[in-house]
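Excluded from the calculations below are hydrogen atoms, water molecules and symmetry mates; all remaining heavy atoms, backbone and side chain alike, are included.
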Amino acid sequence: MTVYNTIIIGGGSSGLLSAIHLDDNKSIMLEKNDTLGKKILITGGGRCNITNNNSLENYVKSFYNGGNFYRTAFSSFFNKDVINLLESNGCKTKIEENERVFPVTDKASTVQKTFIRILDKSNTKYTLNTNVNSVKKENDLFIVETDDSRIFKSKFLILATGGNMYPRTGSTGDGYKFAKNFGHKITKQMAGLAPLKISEKWINKLQGIDIEVKLEVKANKKSVLKDKGSIIFTHNGISGPVILNNSMEIEKHLRKNQNVIITLDFCEQYSYEELDRKLQEDFSKNSNKSIKTYLHNYLPKRMSNEYLNHLNIDPTKILNQINKKERNIIRDSLKRLVLTVSEVLEKEAFVTNSGVKRKEINPDTFESKIVENLFIVGELIEGCGISGGYNLQQAYSTGTLASKTIRKRLLYDSY
């Protein structure tokens, strides 16, 4: 039976970069899906937010549980490196708002196919439709058994299975099981970057609308966070960058059975008093304009009708028909629209915040501190970054560092 130098379990972002940088004809990657990089296809809204072009220091600040853990990995292979790798193989990129990097084609499949093409030019082998059933270590060799009873053996093993979010892409938590069997501890299950379910049903009619807001989150009437950014109304709640990035903090309070509400400010540029004066002046100057049309100054056009219905104000009314009480209701709701959070939608989370405890992994190599020659990379590690390409970069960087470490050891052993 062939004994491989390295077996990589998982052909997602971290597995792909591990295999590419191993570039070893005695190494193999095992992927359970019928294609590699399946999760890449759904990132960035189907466009693939490849990475973020920010500085290392900004990266360190953009990870929950602290990004210092990834300094060595990012130094080994960073955003410019993955951009250069893709561009030199025909995938042109562009930088958008907040330093997010996308393919010029705006198609995630372009990124996926480019990574596969790069891997095909390397020496590392891979096999698809290969679901790993069990992993163990005997006599310094890792023994990997698949569902169809095939056995693979290797000196080194890289677990690159991802977490347990988006199971349709193959991320079903297998890596947790394998890591636990090797003696690792897994942190308490918690989603990362997840949308919220909202109790107020009227907002479901706003599905697809996005808007910039300032928000405040209160738990049991106590303010717990303030932020601002873009939100997107969904079929059952709200999402968008500012929601995703704060979902873990919100979930902590929900798990304590606290009452969590979010207040949205659509007019950050005005204080209550300033907005009140502006409304009075505008209503006087534009007395024959409909309230529905007037609200387009503050809200997206598609939002005004449902918004006014929620306030029990007739959208067809013209401004000189709006009384003081109604005007004050409009003012207050523009500055403080209250939404009740009923749930953090873990099954719709983009990444996993739980995983193998960091203290059990060497951040200089991403080798297990418990089992020699076992490497744990990507989303399988506890904690996650904010939205914007940071989590994909973590996957590339940790997978690459693990492979570079293995290559050095193989080279040393050959002398």
Side-chain angles (χ1 to χ4, degrees), residues 45 193-221 223-247 249-251 253-254 257-270 272 275-276 279 282-283 289-319 321-349:
L193 308 185
L196 306 177
K197 185 175 182 180
I198 300 298
S199 298
E200 288 77 13
K201 301 301 181 185
W202 74 273
I203 70 162
N204 300 348
K205 298 175 182 178
L206 307 178
Q207 181 179 355
I209 294 174
D210 64 276
I211 186 171
E212 292 289 321
V213 298
K214 181 179 180 182
L215 64 80
E216 180 178 14
V217 177
K218 291 185 177 181
N220 285 356
K221 299 183 179 181
S223 180
V224 293
L225 72 88
K226 295 179 181 180
D227 205 346
K228 58 183 177 181
S230 175
I231 67 166
I232 300 171
F233 292 99
T234 67
H235 67 289
N236 60 358
I238 50 177
S239 186
V242 72
I243 298 299
L244 300 177
N245 290 339
N246 289 298
S247 62
E249 180 64 28
I250 292 169
E251 186 171 10
H253 295 282
L254 288 176
N257 295 317
Q258 295 179 336
N259 179 47
V260 179
I261 64 167
I262 295 179
T263 59
L264 303 180
D265 183 350
F266 299 110
C267 301
E268 182 195 359
Q269 68 272 35
Y270 301 116
Y272 268 92
L275 182 60
D276 187 61
L279 290 175
D282 288 349
F283 280 33
K289 180 178 286 189
S290 73
I291 182 60
K292 176 183 175 180
T293 301
Y294 174 74
L295 278 183
H296 296 167
N297 294 322
Y298 309 100
L299 304 172
K301 290 182 179 180
R302 286 204 301 123
M303 186 173 174
S304 298
N305 204 64
E306 294 299 337
Y307 184 82
L308 288 165
N309 286 333
H310 165 65
L311 300 180
N312 293 316
I313 297 174
D314 183 355
T316 65
K317 273 189 174 184
I318 59 175
L319 296 187
Q321 295 174 326
I322 302 293
N323 59 42
K324 182 178 179 180
K325 181 180 178 181
E326 290 174 322
R327 191 182 70 237
N328 287 344
I329 289 172
I330 292 169
R331 175 203 64 197
D332 292 347
S333 64
L334 285 173
K335 288 296 294 179
R336 192 175 181 274
L337 180 69
V338 178
L339 300 176
T340 308
V341 182
S342 62
E343 183 183 349
V344 172
L345 297 170
E346 291 195 357
K347 291 184 178 179
E348 297 179 27

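With contacts defined as side-chain heavy-atom distances shorter than 4.5 Å, the pair Gln269/Cys267 qualifies. Taking the side chain as every heavy atom from C-beta outward, Leu295 and Leu334 approach each other to under 4.5 Å. Residues Ile250 and Ile262 are in side-chain contact: their nearest non-hydrogen atoms beyond the backbone lie under 4.5 Å apart. Residues Ile318 and Gln321 meet the side-chain proximity criterion, which asks for heavy atoms closer than 4.5 Å. Considering only heavy atoms from C-beta on, Ile291 comes within 4.5 Å of Ile330 through its side chain. Looking at Val260 and Thr340, their side chains never come closer than 4.5 Å, going by heavy atoms from C-beta outward.
For the side-chain hydrogen bond (donor to acceptor under 3.5 Å, both in side chains) test, no residue two or more places apart in sequence or in another chain qualifies with Ser230. By the ring-ring contact (aromatic ring centres under 6.0 Å, His included) test, His310 is found to be paired with Trp202, residues two or more places apart in sequence or in another chain being considered. When the side-chain hydrogen bond (donor to acceptor under 3.5 Å, both in side chains) test is applied to Ser199, no partner is found at least two apart in sequence or on another chain. With sequence neighbours excluded, the residues satisfying side-chain hydrogen bond (donor to acceptor under 3.5 Å, both in side chains) with Thr316 are Asp314. Evaluation of the side-chain hydrogen bond (donor to acceptor under 3.5 Å, both in side chains) rule for Ser304 yields no partner, not counting sequence neighbours. Listed by chain and number, the residues in a salt bridge (charged side-chain N to carboxylate O under 4.0 Å, His left out) with Glu251 are Arg255 (sequence neighbours excluded). Legend: residues meeting salt bridge (charged side-chain N to carboxylate O under 4.0 Å, His left out) with Lys289, ordered by chain and number and at least two apart, are absent. With sequence neighbours excluded, the residues satisfying ring-ring contact (aromatic ring centres under 6.0 Å, His included) with Tyr298 are Tyr294. By the salt bridge (charged side-chain N to carboxylate O under 4.0 Å, His left out) test, Lys317 is found to be paired with Glu326, residues two or more places apart in sequence or in another chain being considered.
In this structure, the separation between OG on Ser333 and CG on Leu299 is 8.0 Å, given to the nearest 0.5 Å. Between atom CD1 of residue Ile232 and atom CG of residue Leu244 there is a gap of 8.0 Å, rounded to the nearest 0.5 Å. With values rounded to the nearest 0.5 angstrom, Ile231 atom CD1 is found 5.5 Å from Ile238 atom CD1. Going from atom NZ of Lys292 over to atom CG of Asn309 covers 9.0 Å, rounded to the nearest 0.5 Å. To the nearest 0.5 Å, atom CG of residue Asn246 and atom CG of residue Leu225 are 4.5 Å apart.
Within the structure, no pair that satisfies the ring-ring contact (aromatic ring centres under 6.0 Å, His included) test touches residues 322-349, not counting sequence neighbours. For residues 327-336, the salt bridge (Lys or Arg N to Asp or Glu O under 4.0 Å) pairs, not counting sequence neighbours, are Asp265-Lys335, Asp276-Arg331.
Of all heavy-atom pairs spanning Ser247 and Val344, the tightest one is O-CG2, 3.9 Å. Minimum heavy-atom separation, Glu200 to Ile198: OE1-CG2, 3.2 Å. For the pair Ser290 and Pro315, the tightest heavy-atom approach, listed with the atom from each and the gap, is CB-O, 4.3 Å. Annotation for Ile203 and Leu339: closest pair CG2-CD2, 3.9 Å, computed over non-hydrogen atoms.
Side-chain atoms of Glu306 do not come within 3.5 Å of backbone N or O of Met303 as any donor-acceptor pair. Remark: the backbone N or O of Pro195 is not paired with any side-chain donor or acceptor of Ser239 at under 3.5 angstrom.
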For residues 207-220, dump all side-chain donor-acceptor pairs below 3.5 Å to protein atoms at least two apart in sequence or in another chain.
residue, atom, partner, partner atom, Å
Glu216, OE2, Ser223, OG, 2.8
Asn220, OD1, Asn259, N, 2.8

Working for side chain to side chain contact (heavy atoms under 4.5 Å, CB included), residues Leu337 and Thr263: CA-CA 5 Å; Leu337 180 69; Thr263 59; over 6 Å; no
Residues Glu343, Leu254; criterion side chain to side chain contact (heavy atoms under 4.5 Å, CB included); working and verdict: CA-CA 7 Å; Glu343 183 183 349; Leu254 288 176; 5.5 Å; no
